[in-house]
2 protein chains.
Amino acid sequence: MASALQNELKKRGPFDSVQQEATLAMMRSSDLLENRLARLLREYSLTLSQYNVLRILRGEGKPLPCLEVADRMIQVAPAITRVVDQLLALKLITKTQSANDRRVFEIELTASADRLLKALDKPILDLHASLLSNVSKADLKTLIRILEAVRAGIRE
Amino acid sequence: MASALQNELKKRGPFDSVQQEATLAMMRSSDLLENRLARLLREYSLTLSQYNVLRILRGEGKPLPCLEVADRMIQVAPAITRVVDQLLALKLITKTQSANDRRVFEIELTASADRLLKALDKPILDLHASLLSNVSKADLKTLIRILEAVRAGIRE
DNA sequence: TGGAGATAATCTACATGTAAACTAATTGCA
DNA sequence: TGCAATTAGTTTACATGTAGATTATCTCCA
């Protein structure tokens with residue numbers, strides 16, 4: 001015999017929950033944002049992955065090993081290898097074998113990448129601002145805080 | 001001459017903003033959640049896309065045209081065509097040409113899909129609950145509310 | 001010192017997502 | 001009526017993400 005609660009849930013499918021709704025909301029919102037960002041970057045012949053690698057390297061301000069970059073992108077090693085190859089071909093990074101540990105290859109931005117990133121700053125900033133223009137700063141800070149808790153919980 | 005504000009921003013790279021931080025937070029959180037869900041679904045030989053199609057069809061409770069399903073997934077038409085083909089091969093859906101409009105193909109769950117979804121309900125519910133277990137219900141509701149505003153703003 | 005296990009990165013294979021061009025069918029309107 | 005524009009869906013081509021196996025190097029410790 002179905003409970004009243006179960007009957008109520010049936011309206012939105014069995015076993016629905018606020019956790020499920022939140023997860024779907026995050027995935028849908030993120031997809032939309034990714035699409036918009038990718039569309040802007042395409043005008044500069046960059047993919048989102050490529051841009052992220054460049055952004056991380058600039059954020060760090062010094063050369064980084066490949067897998068260090070992968071970690072910060074929640075990406076898997078083979079994907080980084082490919083992106084690094086692409087960026088090398090575009091002469092946006094250099095890759096040098098570390099003297100200390102010859103397994104490690106360190107990645108560094110070229111001057112050309114610095115210029116490209118500089119040219120991208122304003123358009124990217126504007127896009128971010130415009131995409132989230134109808135969300136208050138206070139809400140954005142709340143959002144960031146809650147999402148931090150989400151990620152902390154996922155990684156155990 | 002650099003302003004005090006610019007100097008301050010330099011700490012985290014030029015032109016950083018709360019909007020940018022929020023966007024990155026959403027994308028990273030969503031990626032983590034997607035990975036976990038995909039991992040669970042793989043045990044049932046389903047991809048996240050396939051599961052989403054099934055879930056949407058069950059939620060609707062009646063047959064839906066292909067592109068109607070695509071809309072709700074923020075997916076592009078060709079991707080749906082492929083997923084539909086896969087689900088057809090797995091005998092989890094049926095596809096019938098509409099009599100009213102012969103351009104339209106309506107998709108419907110099979111009894112086998114109903115059983116599969118039923119078997120998945122509990123594990124999926126548990127996973128969602130566990131992934132977000134350290135976020136309070138109140139925060140989840142706030143999260144959902146803010147994300148709705150985010151999406152409303154993106155679609156104009 | 002030397003071998004087992006760990007680590008950085010790559011290679012291969014495959015599934016998925018997106019864009020662009022295309023087909024078939026419908027609608028609107030002149 | 002009939003043709004232009006629109007819409008549903010497919011096909012093709014290509015870029016990206018993930019898994020699993022592999023290579024090269026390093027670390028630890030018996």
Side-chain angles (χ1 to χ4, degrees), chain A residues 27-28 30-54 63-90 93-107, chain B residues 27-28 30-54 63-90 93-107:
Chain A
M27 299 198 307
R28 288 178 65 94
S30 172
D31 267 3
L32 283 172
L33 292 166
E34 269 191 41
N35 282 340
R36 297 309 186 96
L37 276 175
R39 216 170 295 170
L40 170 62
L41 289 170
R42 197 174 310 125
E43 294 171 25
Y44 295 79
S45 301
L46 279 182
T47 66
L48 193 53
S49 286
Q50 290 167 2
Y51 174 71
N52 274 332
V53 170
L54 299 181
L64 279 182
C66 291
L67 292 192
E68 194 98 10
V69 177
D71 266 351
R72 307 191 189 198
M73 294 175 65
I74 325 177
Q75 264 199 344
V76 138
I80 286 294
T81 297
R82 198 165 34 194
V83 176
V84 162
D85 286 345
Q86 294 163 352
L87 291 172
L88 273 174
L90 293 169
I93 59 172
T94 57
K95 177 171 148 186
T96 58
Q97 193 167 26
S98 161
N100 299 339
D101 184 338
R102 286 182 308 169
R103 290 170 305 177
V104 173
F105 289 84
E106 302 209 313
I107 307 306
Chain B
M27 299 197 308
R28 286 178 67 93
S30 173
D31 267 3
L32 283 172
L33 291 166
E34 269 191 42
N35 281 342
R36 297 309 186 94
L37 276 175
R39 215 170 296 171
L40 170 62
L41 289 170
R42 196 173 310 126
E43 293 171 26
Y44 294 79
S45 302
L46 280 181
T47 66
L48 193 53
S49 286
Q50 290 168 0
Y51 175 71
N52 274 332
V53 170
L54 299 181
L64 279 183
C66 290
L67 292 192
E68 194 99 11
V69 177
D71 267 351
R72 307 190 190 199
M73 292 174 67
I74 324 177
Q75 263 199 344
V76 137
I80 285 294
T81 297
R82 198 165 33 195
V83 175
V84 162
D85 286 346
Q86 294 163 351
L87 291 172
L88 273 173
L90 293 169
I93 59 173
T94 58
K95 176 172 151 186
T96 58
Q97 193 166 26
S98 161
N100 299 339
D101 185 338
R102 286 183 307 169
R103 290 170 307 179
V104 174
F105 288 84
E106 304 209 311
I107 307 305

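Every chain is numbered from 1, with letters handed out A, B, ... down the list of sequences.
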Looking at dT10(D), I'd like to know if its phosphate oxygens (OP1 or OP2) sit under 4.0 Å from a side-chain N or O belonging to Lys95(B).
yes
Looking only at heavy atoms, the pair that brings Leu37(A) and Leu48(A) closest together is CB-CD1, 4.2 Å
Shortest non-hydrogen contact from Met73(A) toward Arg28(B):
N-NH1, 4.1 Å
Angle between the two end axes of the helix from dT1(C)-dA30(D) to dA30(C)-dT1(D), five base pairs per end, rounded to 10 degrees?
10°
Roughly, in whole Å, what's the span from [atom1] in [X] to [atom2] in [N]?
X: Leu88(B); N: dG9(D); atom1: CG; atom2: P; answer: 13 Å
X: Glu34(B); N: dT18(D); atom1: CD; atom2: P; answer: 9 Å
X: Asp101(A); N: dA9(C); atom1: CG; atom2: C1'; answer: 11 Å
X: Asp31(B); N: dG17(D); atom1: CG; atom2: P; answer: 9 Å
X: Ile107(B); N: dT10(D); atom1: CD1; atom2: P; answer: 8 Å
X: Asp71(B); N: dT7(D); atom1: CG; atom2: C1'; answer: 12 Å
X: Phe105(B); N: dT26(C); atom1: CZ; atom2: P; answer: 11 Å
X: Gln97(B); N: dG9(D); atom1: CD; atom2: C1'; answer: 11 Å

Candidates dG9(D), dA25(C), dA24(D) - which lies nearest the side chain of Arg103(A):
dA24(D)
Please enumerate all residues that pass side-chain contact (heavy atoms from CB on, under 4.5 Å) together with Gln97(A), with sequence neighbours excluded.
Arg102(A), Phe105(A)
What residues form a side-chain contact (heavy atoms from CB on, under 4.5 Å) with Asp71(B), not counting sequence neighbours?
none
All N/O donor-acceptor pairs, side-chain side in residues 82-89 of chain B, below 3.5 Å, sequence neighbours left out:
| from | atom 1 | to | atom 2 | distance (Å) |
| --- | --- | --- | --- | --- |
| Gln86(B) | OE1 | Gln50(B) | NE2 | 2.7 |

Base-contact (B) and sugar-phosphate-only (S) positions in nucleotides 15-20 of chain C, heavy-atom cut-off under 4.0 Å, - elsewhere:
SBBBBB
Kindly indicate whether the side chain of [X], heavy atoms from C-beta on, has any atom under 4.5 Å from the side chain of [Y].
X: Arg39(B); Y: Asn35(B); value: yes
X: Cys66(A); Y: Ile107(A); value: yes
X: Leu67(B); Y: Ile80(B); value: no

Residue pairs meeting salt bridge (Lys or Arg N to Asp or Glu O under 4.0 Å), one or both in residues 42-51 of chain A, sequence neighbours left out, come to none
So, under a plain 3.5 Å distance rule, would you say the side chain of Arg102(A) forms a donor-acceptor pair with the base of dT25(D)?
no
